[in-house]
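Worth knowing before you read on, the calculation uses all heavy atoms, side chains too, and leaves out hydrogens, waters and symmetry mates. Numbering starts at 1 and runs along the sequence shown.
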Amino acid sequence: MHIACLDTESTSTGLSNEILELSILNEQGSLIHNQLYKPQKVKKWFYAERVHGISPQMVEDKPFFVRHIPKIQKIFNRSEMLLGFAIDNDIRILEKYGFEKLMDKSMDVRDLYWAVYKDEQDIDYYHVPSLVVCAQECGYEWRDGSAHSASADAEATLFCFNYLMRKYAEKYQLFSMEDRTQLTDEEIKTIWTHLRYLLKEEKHRKAVEKAKGQLYLVHTKNGYAIYARKKPLTEEDLEHFKAKERKIVFQLELADSQKGYEDLLAKFAPKMVGGENYYKAFYDLDEKDIELFKTYTNEFIDENYRE
C-alpha cells in the first residue's frame with residue numbers, strides 16, 4: 001500500500017498560521033519530501049520556535065510553501081493512506097493552502113494508540129498522550145535524542161504505526177501475526193475499517209453522555225424559573241436555593257438536555273414575567289404548564305452517527 005507519513009511544523013499563530021517545514025516518508029521509511037519554508041506573511045513565531053527550534057533566520061533563504069504545492073499534491077494523489085500523529089492538525093493547515101479531501105484517506109496513529117491501550121491504560125479518547133509518550137511505549141529510540149523536527153516526528157510516527165498495527169491485529173483477534181512482522185495490504189485495510197468503526201462508536205458514546213443532563217423547574221419569589229445542569233445539583237446548590245427561598249418543583253433527566261431547555265423556554269415564552277434575558281427569565285405558570293414540564297421527554301439524535 002502506498003503510504004505518505006507526514007508531519008508539519010508551523011508558525012502556530014492562529015488564523016495566520018503558515019507552514020515552516022513539511023516532511024513525508026513513504027511506507028518503506030524513505031524520506032521522499034523534506035523541506036523548510038519561509039512564511040509569506042508571518043515574521044516571528046516565538047512560542048513555536050521554542051518547541052521546534054526553527055527560527056526566522058533558518059528559513060530566510062528558503063522557498064515559499066506555495067511553490068511546492070504541485071509536487072506535494074502528486075505525492076498525496078498516489079498515496080492510498082495519509083498517516084500522521086494528531087494528523088487533523090497537519091491537515092487543517094494543509095487545507096489552508098488549497099489541498100482537499102485529505103481526511104478521507106487519513107489515519108491517525110493517535111487513534112491507533114488509543115484503540116490498543118484504552119483498556120490497559122484507561123485512556124480517554126480525547127486525552128491521548130503525546131507522540132513522545134506513544135513512541136516510548138512502542139519502544140522507539142529517537143535518532144538524535146530529540147523530537148519535534150518534522151522529519152524526526154514523521155519517522156517516529158511511522159515506527160509507531162507499524163508497531164501498533166501488529167498490536168491491534170492481536171488485541172482484536174483480526175488475524176494471527178505469528179512468525180511474521182509485515183501486514184498485507186488487505187490486512188491493513190481490514191484494521192483501518194475496524195478502527196473507523198471503533199472511533200465512530202466511541203464518538204457516539206461520548207456525544208450521548210455529553211447530551212445528557214437535568215432540568216429543574218424552580219419556584220421563586222419572582223415566578224417560576226428553569227435551571228439546566230449537566231450534573232445533579234449539589235448540597236451546596238440546594239443550600240443556596242434554600243437561602244434564596246427557591247423551591248424545586250420538579251426535576252427532569254433528559255437524553256438531550258440542551259434541546260429540552262430550548263424547547264421548554266420556547267413553550268413558556270408567552271408567560272415570561274421578568275428576568276435578565278431569555279435564558280434567565282421568570283414565568284407565570286399554571287398547573288397545565290407545570291404538568292407539561294413534568295411530562296416532557298426527548299431523545300438525543302447524533303447526526304454524525306446516522307451518516
Side-chain angles (χ1 to χ4, degrees), residues 1-10 19-37 63 65-116 131 134-135 138-140 143 147 149-172 174-177 179-200:
M1 175 181 286
H2 292 296
I3 296 174
C5 182
L6 61 94
D7 188 72
T8 61
E9 301 297 345
S10 67
I19 290 178
L20 293 171
E21 184 180 20
L22 172 65
S23 295
I24 305 174
L25 281 71
N26 64 16
E27 64 278 4
Q28 297 172 335
S30 298
L31 199 59
I32 57 177
H33 184 87
N34 186 39
Q35 178 67 53
L36 288 170
Y37 295 102
F65 181 77
V66 292
R67 291 183 55 187
H68 284 183
I69 287 178
K71 173 186 175 183
I72 297 165
Q73 186 66 67
K74 288 181 180 179
I75 295 175
F76 291 162
N77 288 346
R78 67 172 178 262
S79 299
E80 299 168 79
M81 175 191 290
L82 302 183
L83 193 64
F85 195 92
I87 195 172
D88 53 317
N89 295 325
D90 301 301
I91 289 177
R92 194 175 297 116
I93 189 170
L94 286 166
E95 287 179 340
K96 288 182 62 176
Y97 290 89
F99 292 95
E100 298 179 345
K101 299 181 179 179
L102 299 184
M103 282 301 296
D104 293 345
K105 57 180 180 180
S106 69
M107 178 189 279
D108 199 329
V109 174
R110 180 177 57 180
D111 293 340
L112 264 180
Y113 184 88
W114 166 79
V116 170
L131 174 59
C134 175
C138 296
Y140 180 73
R143 50 187 165 84
S149 72
S151 59
D153 284 4
E155 184 179 301
T157 297
L158 185 61
F159 179 94
C160 292
F161 167 76
N162 288 321
Y163 177 88
L164 291 169
M165 289 290 276
R166 295 191 295 273
K167 295 280 286 186
Y168 192 105
E170 294 168 357
K171 176 174 180 174
Y172 295 99
L174 299 181
F175 28 78
S176 175
M177 292 299 297
D179 302 323
R180 64 192 180 103
T181 58
Q182 295 298 317
L183 294 162
T184 67
D185 287 358
E186 286 305 311
E187 287 171 338
I188 291 174
K189 291 175 182 177
T190 297
I191 293 176
W192 199 359
T193 300
H194 192 273
L195 177 61
R196 283 171 167 165
Y197 170 79
L198 277 188
L199 295 175
K200 182 177 180 180

Q: Check side-chain contact (heavy atoms from CB on, under 4.5 Å) between Glu27 and all other residues, then give those that pass, not counting sequence neighbours.
A: His2, Ile3

**Q.** CA sep, side-chain torsions, deciding dist, call: Leu94, Phe65, side chain to side chain contact (heavy atoms under 4.5 Å, CB included)
**A.** CA-CA 10 Å; Leu94 286 166; Phe65 181 77; 3.9 Å; yes

Q: With sequence neighbours excluded, tell me which residues meet side-chain contact (heavy atoms from CB on, under 4.5 Å) with Met177.
A: Arg166, Ala169, Glu170, Phe175, Arg180, Leu183

**Q.** With Ser23 via side-chain contact (heavy atoms from CB on, under 4.5 Å) - residues at least two apart
**A.** Glu21, Leu31, Asn34, Ala150, Ser151

Q: Can you sort out the partners of Gln73 under side chain to side chain donor-acceptor pair (under 3.5 Å), two or more places apart, ordered by chain and number?
A: Asn77

Q: Determine which pairs satisfy salt bridge (Lys or Arg N to Asp or Glu O under 4.0 Å) with at least one residue from residues 68-78, sequence neighbours left out, and list them in order.
A: none

Q) Who pairs with Tyr140 by ring-ring contact (aromatic ring centres under 6.0 Å, His included), at least two apart in sequence or on another chain? A) Trp142, Phe159

(Q) Using the ring-ring contact (aromatic ring centres under 6.0 Å, His included) criterion, which residues pair with Phe85? Sequence neighbours excluded. (A) none

Q) Among all residues two or more places apart in sequence or in another chain, which pass the ring-ring contact (aromatic ring centres under 6.0 Å, His included) test with Tyr168? A) Tyr172, His194

Q. Does Thr184 have any side-chain contact (heavy atoms from CB on, under 4.5 Å) partners at least two apart in sequence or in another chain, and if so, which?
A. Glu186, Glu187

(Q) Restricting to side chain to side chain donor-acceptor pair (under 3.5 Å), what partner residues turn up for Asp111, sequence neighbours left out? (A) Tyr125

Q | Pairs satisfying salt bridge (Lys or Arg N to Asp or Glu O under 4.0 Å), at least one member in residues 86-96, at least two apart | A | Asp88-Arg92, Asp88-Arg110

(Q) Checking Lys171 now: which residues fulfil salt bridge (charged side-chain N to carboxylate O under 4.0 Å, His left out) with it, not counting sequence neighbours? (A) Asp119

